[in-house]
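Nothing here was measured: the structure is a model prediction, and the numbers come from that model. As a basis for the values below, the full set of heavy atoms in this structure was taken, side chains included, without hydrogen atoms, waters or symmetry mates.
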Amino acid sequence: MPTRLSSLFLRTLREDPAEAEVASHKLLLRAGYIRRAAPGVYTWLPLGLLVKAKIEKVVREEMANAGAQEVFFPALLPREPYEATNRWTEYGDNLFRLQDRKKADYLLAPTHEEMFTLLVKDLYSSYKDLPVCLYQIQNKYRDEARPRAGLLRGREFVMKDAYSFDLTDEGLAKAYQAQRDAYERIFTRLGVDYVIVKADAGAMGGSASEEFLSPSEIGEDTFVRSPGGYAANVEAVKTVAPAATSTDGLPAAVVNATPGTATIATLVDHANAHFARSDRAWTAADTLKNVVLALVSPEGKRELVAVGVPGDREVDAKRAEAAFGPNEVEPATEADFAANPGLVKGYIGPVSLNADGSVSQVLGLEGSTKIRYLLDPRVVDGTQWISGSNQADKHIFELVKGRDFNADGIADIAEVRAGDLAPDGSGALELARGIEIGHVFQLGRKYAEALDLRVLDENGKLQVVTMGSYGIGVTRLVAVLAEANRDDKGLIWPEAVSPADVYIVAAGKDDSVFEAAEKLASEFEAAGKTVMLDDRPKVSPGVKFGDAELIGVPNIVIVGKGLENGEVDVWNRRTGERRSVAVNSAVSELK
RNA sequence: CGGGAUGUAGCGCAAUUUGGUAGCGCACCUGUUUUGGGUACAGGGGGUUGCAGGUUCAAAUCCUGUCAUCCCGACCA
């Protein structure tokens, strides 16, 4: 049976809803695919459900191809498993928590690593049972601080999450590759543009991790790519360090008066005005900016750390979070400075210079402040810097790394800029925005260890299982597809996800038009096509055409005026091309 | 959590400045009309103006508080 517009639960809107900002969100609301139920929580209307089901179908087929088996967990889960992995705490405010009548704690699952791990532990206990890969397509709940753009970032959303279980690292690598391949097939079949980027494993722990990003202006993730094919999330970009050079023969460090230069900009201006170089002007890149950060552990422990970066770069908050995870990173507060009188705001440096030319370590575990000191990878031995002197209104010039100062380690947290070189030598990076539509990573043994998932190997010894986890944002894909496939008139779905294969418009008032449209619908269905039929009586053609364009089925057939010549119009929504064909050849035209 | 904006009919908005019967368009219902690009006309239903206090003869409008939503940022497997 065709989906009849005359009875379909649908009301299209002529005006943009005020609540929507981005194009895909507006169109999904206007065309009657979804309705907002609460911030970041959406009701699926018949049309939306059809599109979602199409995506799920492709996902299921490719999961089966990859050897994964479908299961289904509750979204409502008890606290205990999440306590075992410490995520009851680590997830913080993003976790939806609730209590039952006995005051026992429950949560709405934000992701299901624990449950999958426990399920395998529950049923399997031998290496002979492995490998196994399980998945589900299920609602997830995250109390996002700020849901965005309709389905793009919701608090309830549908995710396909798969988990692989292997005895060996090689097995994990294979399972990972199988899922990764499946993802490529899924996104290709769905007609989604994507790039695979190296990602930071983040709070999930584990090692190898890649994200599938769909390039988009409205994306929330920034990634980089090079002409030579390197692509990575900004959090994961490794800075290319220059080669260290000899410190021999470099001029000695000297303290210069630099009053009122607490910012890099004022410092550079002052240096050029009073300590001009003969060869070129000083730039911000000649300065070493020392930023004090506070790391707050999940348990609430606070540690100060100083990071030295070239003065022309800011510390990138996301890169810092990634580098220092699971700690939270925040700027040092006035209270932190008050507690460390050795730190002179605006004039912080790794060392202070004594009258006899010797240096005293200030930053660093060995320094007077005992504050851990880390350096940007670009600050290699032999590089010269203008740095704070730890005295107000004075900076040290010609301070040489490896001769005058050192650090406790490296912190690769400075911002990544367009033009920076790719770590694999594949050229200069460009920055782009993307929407995360999939994420694969090798979790390793973290969850298996925490939940004691072990199996007997062939020697009768217990071995901890190693895991991978693989997610696809199903409902987010609806938004991504809508965003990428539209024009000023409405949506234009790729055939693989369109709510129907063919959309027939009965444009006319004669019964003959409706009868012919009905007949054509049956013929299309007999040929295996799904059909939407606009059979609304007393609705003008203009309205029907407008709704057809808004709803976005790519293939439209208009039954109307041409009927007296035995013709209907076949209308390609994407190209706009419209041509008349004989009624009885319409079905073969759209094969 | 910080910044900004907004809450009036199902949706989009006006009326708030200067207190005085809450209005327009879309959608919806009835009738006539029109039928290849959102037809035209006539009639109609639908509102305790986010909520709670206060001022006043009188509050959508002024005052206080509160809640909610959206946008930017922070955050975000």
Requested in this report: Can you tell me the pairing partner of G73(B) across any strand shown, Watson-Crick or G-U wobble, with both distances under 3.5 angstrom?
Outcome: C1(B)
Report task. Give, for atom CD1 of I413(A) and atom CG of L374(A), the distance between the pair rounded to the nearest 0.5 Å. Result -> 8.0 Å
Query raised in the report: Which is it for Y176(A) and E210(A) under the side-chain hydrogen bond (donor to acceptor under 3.5 Å, both in side chains) test, yes or no, and what are the steps along the way?
Result: CA-CA 10 Å; Y176(A) 179 89; E210(A) 287 167 299; 2.7 Å; yes
Query raised in the report: With both distances under 3.5 Å as the test, what is the Watson-Crick or G-U wobble partner of U32(B)?
Result: A40(B)
Query raised in the report: For G45(B), what is the paired nucleotide under Watson-Crick or G-U wobble rules, both distances under 3.5 Å?
Result: none
Query raised in the report: Should the ring pair F187(A) and Y183(A) be called parallel, tilted or perpendicular, given that the plane angle runs from 0 to 90° and is split at 30 and 60?
Result: perpendicular
Report task. Output all residues satisfying side chain to side chain contact (heavy atoms under 4.5 Å, CB included) with A75(A), sequence neighbours left out; order by chain, then residue number. Result -> Q138(A), Y141(A)
Requested in this report: Inspect the surroundings of CZ in F72(A) and state if more than 12 heavy atoms from other residues, nucleotides or ligands are less than 6.0 Å away.
Outcome: yes
**Report entry** Base C76(B) paired with R153(A) side chain (donor-acceptor, <3.5 Å)
**Finding:** yes
Requested in this report: Verify the contact: side-chain N or O of R30(A) to OP1 or OP2 of C11(B), cut-off strictly under 4.0 Å; return yes or no.
Outcome: no
Report summary line: Partner of A15(B) under the Watson-Crick or G-U wobble criteria, both distances under 3.5 Å, comes out as none
Report task. For D569(A), report the nucleic acid contact type (base, sugar-phosphate, nothing); a contact means any heavy atom under 4.0 Å. Result -> base
Report summary line: 5'-most contact on RNA chain B (nearest-nucleotide basis), E15(A) vs V568(A), goes to E15(A)
Requested in this report: Check the distance between C1(B)'s P and D143(A)'s CG and give it to me in whole angstrom.
Outcome: 11 Å
Query raised in the report: Nearest-Å distance, CD (E144(A)) to P (U69(B))?
Result: 15 Å
Query raised in the report: Roughly how many Å is it from CG in D16(A) to C1' in C13(B), rounded to a whole number?
Result: 14 Å
Requested in this report: In whole angstrom, give me the gap between the P atoms of C70(B) and C63(B).
Outcome: 26 Å
**Report entry** Between P of A74(B) and CZ of R148(A), the distance in whole Å
**Finding:** 11 Å
Query raised in the report: Considering only side-chain heavy atoms of R35(A), which listed nucleotide, G12(B), G38(B), C11(B), is closest?
Result: C11(B)
Report summary line: Among the nucleotides C72(B), U69(B), C13(B), whichever has the atom closest to the side chain of R36(A) is U69(B)
Query raised in the report: Is it true that R185(A) and E62(A) make a salt bridge, defined as a side-chain N closer than 4.0 Å to a carboxylate O?
Result: yes
**Report entry** Minimum side-chain heavy-atom gap D105(A)-E83(A) below 4.5 Å
**Finding:** no
Protein-nucleotides 27-35 of chain B N/O pairs under 3.5 Å:
from   : atom 1 : to     : atom 2 : distance (Å)
A27(B) : OP1    : R14(A) : NH2    : 3.1

Query raised in the report: If we take the C1' atom in both U6(B) and G53(B), what is their distance in whole Å?
Result: 22 Å
Report summary line: Pairing partner of U6(B), by Watson-Crick or G-U wobble and under 3.5 Å for both distances, is A68(B)
**Report entry** RNA chain B-proximal residues of residues 545-557 of chain A, any heavy atom under 4.0 Å
**Finding:** F545(A), G546(A), D547(A), E549(A)
Requested in this report: Tell me what R155(A) touches on the nucleic acid: a base, only sugar-phosphate, or nothing, going by heavy atoms under 4.0 Å.
Outcome: nothing
Query raised in the report: Taking atom P in both U30(B) and A60(B), what distance in whole Å separates the two?
Result: 34 Å
Query raised in the report: What interatomic distance, in whole Å, is found between C1' of U64(B) and the corresponding atom of G47(B)?
Result: 26 Å
Query raised in the report: Aromatic ring centroids of Y470(A) and Y135(A) under 6.0 Å?
Result: no
Requested in this report: Examine the side chains of T466(A) and D166(A) and answer whether a donor and an acceptor come within less than 3.5 Å of each other.
Outcome: no
Query - Of L151(A), L481(A), L152(A), V158(A), the residue whose pairing with R476(A) passes side chain to side chain contact (heavy atoms under 4.5 Å, CB included) - result: L152(A)
Report summary line: Residue pair G562(A)/P147(A) against RNA chain B: nearer the 5' end by closest nucleotide is G562(A)
Query raised in the report: Could you give the CG-to-P distance, from D316(A) to C76(B), as a whole number of Å?
Result: 12 Å
**Report entry** Length of the NE2-C1' vector between H25(A) and U69(B), whole Å
**Finding:** 12 Å
Query - Distance between C1' atoms of A9(B) and G45(B) (Å, rounded) - result: 11 Å
**Report entry** Among A74(B), U39(B), C70(B), the one nearest R146(A) by side-chain distance
**Finding:** A74(B)
Query raised in the report: Can the ring centroids of W493(A) and Y33(A) be said to lie less than 6.0 angstrom from one another?
Result: yes
Query - Whole-angstrom distance between C24(B) and G2(B), as gauged at atom P - result: 42 Å
Report summary line: Taking a pair to mean Watson-Crick or G-U wobble geometry with both distances below 3.5 Å, U21(B) pairs with none
Query raised in the report: Expressed as a whole number of Å, how far does the C1' atom of G7(B) sit from that of U49(B)?
Result: 9 Å
Query raised in the report: Could you state the CD1-C1' distance from I34(A) to C11(B), rounded to the nearest angstrom?
Result: 15 Å
Query raised in the report: Could you give the NZ-to-P distance, from K26(A) to C70(B), as a whole number of Å?
Result: 15 Å
Requested in this report: Heavy atoms only: give me the nearest L550(A)-T12(A) pair and the separation to one decimal.
Outcome: CD2-CB, 3.9 Å
Query raised in the report: If we take the P atom in both G44(B) and G38(B), what is their distance in whole Å?
Result: 28 Å
